[in-house]
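Worksheet for the structure shown next.
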Number of protein chains: 2
Amino acid sequence: MGIAERKERQKAELREQILTAARTIVLERGYRGLSMRKIADAIEYSPAALYLHFASREEIALQLCREAFLELLGYMASAGAIADPYQRIFAIARSYVRFGMEKPESYRLIFMEEQSFVDSVMGPKALEDPDEPGTRAFEFLRATVEALIARGIFRPVDPEAAAHVIWAAVHGLVSLRLSCPGSPFEDIDALADLLCDTLMRGFSSGAGDAAG
Amino acid sequence: MGIAERKERQKAELREQILTAARTIVLERGYRGLSMRKIADAIEYSPAALYLHFASREEIALQLCREAFLELLGYMASAGAIADPYQRIFAIARSYVRFGMEKPESYRLIFMEEQSFVDSVMGPKALEDPDEPGTRAFEFLRATVEALIARGIFRPVDPEAAAHVIWAAVHGLVSLRLSCPGSPFEDIDALADLLCDTLMRGFSSGAGDAAG
DNA sequence: GTCTATAATTTGATAGAC
DNA sequence: GTCTATCAAATTATAGAC
């Protein structure tokens with residue numbers, strides 16, 4: 001059965017080649033610049049060959065999206081080691097911003113191109129599956145908020161809503177910066193710190209003061 | 001000179017017809033659905049005729065963008081009558097969200113389609129001209145923040161940075177909702193209120209408590 | 001599995017007649 | 001000013017040969 005296995009292997013390899021080529025194109029020229037022809041040229045196959053592995057251009061993009069989100073999750077997870085949930089939220093937000101600044105085209109692909117892409121990772125359907133990267137990322141944030149409430153550090157808001165608000169606010173900062181790069185304002189990190197600091201203070205129960 | 005005037009009038013009218021048709025198309029099918037041919041069909045002219053009034057499709061879109069931003073400014077300005085700056089910021093944010101929800105395609109056009117569109121209204125170049133709608137909107141917010149700091153209600157942050165952060169946070173909420181409409185979370189108004197409330201608390205000097 | 005060839009569209013923009 | 005005709009290009013996707 002070695003022959004069948006080799007065929008499997010080759011098929012998987014080609015699939016990976018397609019994705020790698022697509023990734024490179026998206027990273028260099030954005031999602032708009034991604035076409036089946038360009039992928040085919042890059043891997044030196046005919047365009048028709050791609051359709052043996054992916055049903056459509058969109059399906060390729062969705063796969064890249066998923067990968068990119070896993071990468072974002074990786075950035076965020078680096079904050080998981082921080083025991084203090086307060087510091088952890090800070091770190092999550094910072095790593096989120098860092099992902100956006102370091103991998104702008106990945107960020108764009110997930111959140112700023114097609115509605116169906118955001119939906120595929122963060123939509124209602126995805127959030128039902130606990131294994132989906134979107135669910136894991138959101139859950140990570142939600143649990144951190146919950147811990148803060150449990151300890152009386154945050155006032156008793158709905159942790160789900162609070163997590164959503166935090167996510168949205170940081171997303172706003174990142175996406176606005178990506179859309180409008182020559183902003184006359186301070187560097188994004190200073191703004192991100194101000195945003196985090198403000199949100200932390202805003203959610204805090206009032207007993208302890210927010211750290212700078 | 002009656003003839004020349006009539007010609008002027010007719011020219012202006014046609015220009016307006018083009019924009020109206022384009023507006024309708026964008027509102028119904030988004031910016032992606034906007035093409036010179038569709039505009040031409042709608043006004044019953046040939047595609048070539050459009051180029052007598054606009055240099056390109058992009059120029060038409062930029063004009064629509066400007067209009068849309070003026071409409072957003074109108075929404076925000078309704079909050080201008082509120083004397084108390086604290087309540088005013090709330091009202092600005094709420095009207096901003098309302099604009100996004102009531103005119104999603106306008107919001108998309110300005111902030112979520114082409115980088116050059118955001119740039120044309122909120123980019124560094126636009127922000128140098130005090131008459132630009134983007135400048136006026138941002139200035140309105142900045143001045144309100146400044147008033148709050150002057151009264152000691154907000155802690156002494158950089159008003160420019162604070163205004164930017166507030167804008168970005170609300171933008172994040174709106175844009176995320178537009179990209180991901182079937183969100184399982186509460187209605188956007190509740191989230192917007194939570195966001196505003198949290199930001200207000202976060203910026204407050206700590207003396208007075210935030211209002212619900 | 002892979003290719004060649006091509007269908008079927010759509011696009012923005014222009015040349016030149018009237 | 002306006003139209004017809006068209007260019008030049010790009011796209012996704014498929015049919016059919018090998």
Side-chain angles (χ1 to χ4, degrees), chain A residues 1-22 24-26 28-65 109 113-117, chain B residues 1-26 28-65 109 113-117 120:
Chain A
M1 284 293 130
I3 292 174
E5 281 170 5
R6 172 183 53 82
K7 281 188 179 172
E8 275 299 306
R9 221 166 35 235
Q10 286 180 335
K11 179 158 183 164
E13 255 168 41
L14 184 48
R15 189 188 150 93
E16 212 41 59
Q17 273 187 63
I18 292 170
L19 286 174
T20 301
T24 307
I25 294 168
V26 166
E28 281 176 359
R29 336 188 23 163
Y31 172 62
R32 329 291 264 261
L34 181 72
S35 79
M36 300 303 261
R37 277 182 143 75
K38 282 184 201 140
I39 299 172
D41 283 353
I43 63 173
E44 298 178 295
Y45 273 74
S46 79
L50 305 183
Y51 291 92
L52 276 301
H53 296 83
F54 294 94
S56 66
R57 169 177 175 254
E58 188 184 16
E59 217 186 79
I60 296 177
L62 280 172
Q63 185 57 37
L64 291 185
C65 232
L109 182 68
E113 297 289 357
E114 295 286 326
Q115 193 159 316
S116 62
F117 297 171
Chain B
M1 285 294 130
I3 292 172
E5 283 170 7
R6 173 183 53 82
K7 282 188 178 172
E8 274 298 308
R9 224 168 30 236
Q10 286 181 336
K11 178 157 183 163
E13 257 169 40
L14 183 49
R15 189 189 150 92
E16 213 40 59
Q17 274 188 62
I18 293 171
L19 287 174
T20 301
R23 210 177 294 125
T24 307
I25 294 167
V26 167
E28 282 175 357
R29 334 188 25 162
Y31 172 63
R32 328 290 265 262
L34 181 72
S35 78
M36 300 305 260
R37 279 182 142 79
K38 282 185 200 137
I39 299 172
D41 282 352
I43 63 173
E44 297 178 296
Y45 273 74
S46 78
L50 305 183
Y51 291 92
L52 276 301
H53 296 82
F54 294 94
S56 66
R57 169 178 175 252
E58 188 184 15
E59 217 185 78
I60 296 177
L62 279 172
Q63 184 58 36
L64 291 185
C65 228
L109 182 67
E113 296 289 357
E114 294 286 328
Q115 193 160 316
S116 63
F117 297 172
S120 74

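Residue numbering restarts at 1 for every chain, and letters A, B, ... go by the order of the sequence lines.
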Look at all strands and tell whether Ser35(B) reaches a base, only sugar-phosphate, or nothing, counting heavy atoms closer than 4.0 Å. sugar-phosphate

When Arg37(A) and Leu52(A) are each assigned the nearest nucleotide of DNA chain C, the 5'-most assignment goes to Leu52(A)

Rounded to whole angstrom units, what separation is found between the CZ atom of Arg15(A) and the C1' atom of dG1(C)? 17 Å

On the six-membered ring of Tyr51(A), is Arg57(A) placed so that its NZ or CZ lies under 6.0 angstrom from the centre and within 45° of the ring axis? no

Choose from dT2(C), dG12(C), dT2(D) the nucleotide whose nearest atom is closest to any side-chain atom of His53(B). dT2(D)

Can you tell me how far C1' of dT10(C) sits from CZ of Arg29(B), to the nearest Å? 12 Å

Tell me: CD of Glu44(B) to C1' of dG1(D), nearest whole Å? 17 Å

What contact category does Lys7(A) fall into here, base, sugar-phosphate, or nothing, at under 4.0 angstrom with non-hydrogen atoms? nothing

With respect to the phosphate group of dT11(C), does any side-chain polar atom (N or O) of Lys38(B) fall under 4.0 Å of OP1 or OP2? yes

Using a 4.0 Å heavy-atom cut-off, does Leu34(B) contact any base of the nucleic acid, only the sugar-phosphate backbone, or nothing at all? sugar-phosphate

Across the strands shown, which category fits Ala48(A) at heavy-atom distances under 4.0 angstrom: base, sugar-phosphate, nothing? base

In whole angstrom, what separates Tyr51(B)'s OH from dG12(C)'s C1'? 4 Å

